[in-house]
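Here is the structure we will look at.
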Amino acid sequence: MSKSIAFLKFKVLLEREIRSFWHILASLEYAERWLQSHGALRLASSPGDNRYPFRAINITPDEFVSEQNAVRSHLLENTLVSFVTTFECFLAELLERVLYLNPSLLADSDVPFQARQLCLVVGTTDMRRWLAAQMTDKYLRNKTHKEMISRLDTLCKAGVSGALSSEIDEWTKWSLVRNSIVHTSRQVTEELSKAWPQRFPTARGGLDLTNEELARVHHLAIKIAQAIDVRAVQTRIGKHDELLLARELFVQNGMAEPSALVAALSHVGRVQVSKKDVERMLAAHKKGNLSDSWQLSVRDLKDLVG
């Protein structure tokens with residue numbers, strides 16, 4: 001089964017976060033070993049180091065090493081925030097794409113829009129994209145991740161809320177941990193303590209996260225997102241995202257041979273589209289009557305297909 005663009009982006013960003021986490025942890029270890037053997041009086045006193053960043057906080061090597069545990073703790077917490085935020089962005093991007101491709105899903109919606117909102121966009125922007133973005137915001141604003149998943153469940157006939165109920169319940173708790181980090185100076189909130197007393201029994205206490213817990217959050221994010229995405233592609237997206245990638249490779253990179261475009265897509269994952277599908281898409285694009293006008297940024301395309 002192929003993947004949506006939202007999921008492919010999500011995987012790339014999550015991988016970037018875990019790699020950054022690993023890189024900084026390894027750097028801390030190497031820094032400690034180097035400083036212990038080098039004998040510098042201050043960080044900036046080493047040859048070539050009388051510059052930023054060493055000079056900005058020019059402490060002794062012992063002082064630097066003494067802060068390692070605090071830095072690791074902050075790094076764990078910051079990475080968890082990034083994981084949860086990246087997952088949240090995936091949900092929003094996937095929902096927007098689903099609504100864009102399937103505007104009929106909004107036929108029963110009674111969400112009102114003011115005339116002054118509409119007059120600013122009519123004739124100046126892609127109304128389907130605007131509507132999808134507006135409805136995504138209205139559907140997800142101030143909602144928990146569990147409620148967001150439930151919305152996608154309904155629209156994509158996914159059933160993930162039931163199939164992965166225990167995982168989603170646990171993910172909801174980690175979302176509360178994210179809120180504690182962001183909103184209460186890295187202390188356990190009353191809400192988190194009530195929701196997860198076994199792990200965080202004391203409100204206003206420290207979080208004291210572990211590497212194993214961070215790995216668990218990473219695992220849950222991938223597992224839940226993948227389950228949602230499978231059904232979204234099966235029921236709502238189909239071949240559209242693969243054809244969008246092919247079109248953007250044509251527009252941005254000048255790849256015009258259908259066989260080469262299909263081969264490029266195969267490097268991203270399993271491919272549903274055929275050479276004939278790509279030929280029809282390119283023909284429609286050149287005639288200016290392609291219905292899917294969604295675009296990818298240069299950075300997004302590079303992240304997805306290199």
Would you say [atom1] of [X] has more than 12 non-hydrogen atoms from neighbouring residues, nucleotides or ligands within 6.0 angstrom?
| X | atom1 | value |
| --- | --- | --- |
| Lys173 | NZ | yes |
| Lys143 | NZ | yes |
| Ile59 | CD1 | yes |
| His74 | NE2 | no |
| Gln36 | CD | yes |
| Arg204 | CZ | no |

Spell out, yes or no, whether [X] and [Y] are grouped together once hydrophobic residues are joined by side-chain heavy atoms under 4.5 Å, including indirect joins.
| X | Y | value |
| --- | --- | --- |
| Met127 | Val111 | yes |
| Ile224 | Leu13 | no |
| Val71 | Trp22 | no |
| Leu290 | Ile5 | yes |
| Leu140 | Phe113 | yes |

Side chains of [X] and [Y], donor plus acceptor under 3.5 Å:
| X | Y | answer |
| --- | --- | --- |
| Arg186 | Asn78 | yes |
| Ser150 | Asp153 | no |
| Asp241 | Ser4 | no |
| Ser193 | Glu190 | no |
| Arg72 | Asn69 | yes |
| Glu17 | Thr79 | no |

Got a sec, which residues hit ring pair (Phe, Tyr, Trp, His ring centres under 6.0 Å) with Trp34, two or more places apart in sequence or on another chain?
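With sequence neighbours excluded, Trp34 shows a ring pair (Phe, Tyr, Trp, His ring centres under 6.0 Å) to His38, given in chain and number order.
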
Donor-acceptor pair, side chain of [X] and main chain of [Y], under 3.5 angstrom:
| X | Y | result |
| --- | --- | --- |
| Glu242 | Val273 | yes |
| Arg128 | Ser291 | yes |
| Glu213 | Thr210 | yes |

Quick one: sort the [X] and [Y] rings into parallel, tilted or perpendicular, breaks at 30° and 60°.
| X | Y | value |
| --- | --- | --- |
| Tyr100 | Trp294 | perpendicular |
| Trp196 | Trp174 | perpendicular |
| Phe87 | Phe10 | perpendicular |

Contact check, side chains of [X] and [Y], non-hydrogen atoms, under 4.5 Å:
| X | Y | value |
| --- | --- | --- |
| Asn50 | Arg55 | yes |
| His285 | Val251 | yes |
| Val160 | Ile168 | yes |

Given the rule in the side chain to side chain donor-acceptor pair (under 3.5 Å) test, do Thr60 and Glu63 qualify, once you have shown the distances and angles that lead to the verdict?
CA-CA 5 Å; Thr60 68; Glu63 290 174 305; 3.2 Å; yes

When rounded to the nearest 0.5 angstrom, what distance separates [atom1] in [X] from [atom2] in [Y]?
| X | Y | atom1 | atom2 | result |
| --- | --- | --- | --- | --- |
| Thr136 | Met148 | OG1 | CE | 11.0 Å |
| Phe7 | Gln226 | CZ | CD | 4.5 Å |
| Leu249 | Glu257 | CG | CD | 13.5 Å |
| Leu25 | Leu76 | CG | CG | 7.0 Å |
| Gln295 | Gln252 | CD | CD | 8.5 Å |
| Asp169 | Leu164 | CG | CG | 10.5 Å |

Take Arg97 and Asp292 through the salt bridge (Lys or Arg N to Asp or Glu O under 4.0 Å) test and state the conclusion after the steps.
CA-CA 11 Å; Arg97 181 67 171 154; Asp292 186 356; 2.7 Å; yes

Any residue meeting side-chain hydrogen bond (donor to acceptor under 3.5 Å, both in side chains) with Asn102, in chain and number order, not counting sequence neighbours
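Checked Asn102 against side-chain hydrogen bond (donor to acceptor under 3.5 Å, both in side chains); zero matches.
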
Please identify which of these residues, Lys239, Gln272, Gln234, meets the side chain to side chain contact (heavy atoms under 4.5 Å, CB included) condition with Ser2.
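Per the side chain to side chain contact (heavy atoms under 4.5 Å, CB included) rule, the option paired with Ser2 is Gln272, out of Lys239, Gln272, Gln234.
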
Salt-bridged, Lys9 to Asp303, with N to O below 4.0 Å?
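Not counted as a salt bridge, because no side-chain N and carboxylate O are separated by less than 4.0 Å.
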
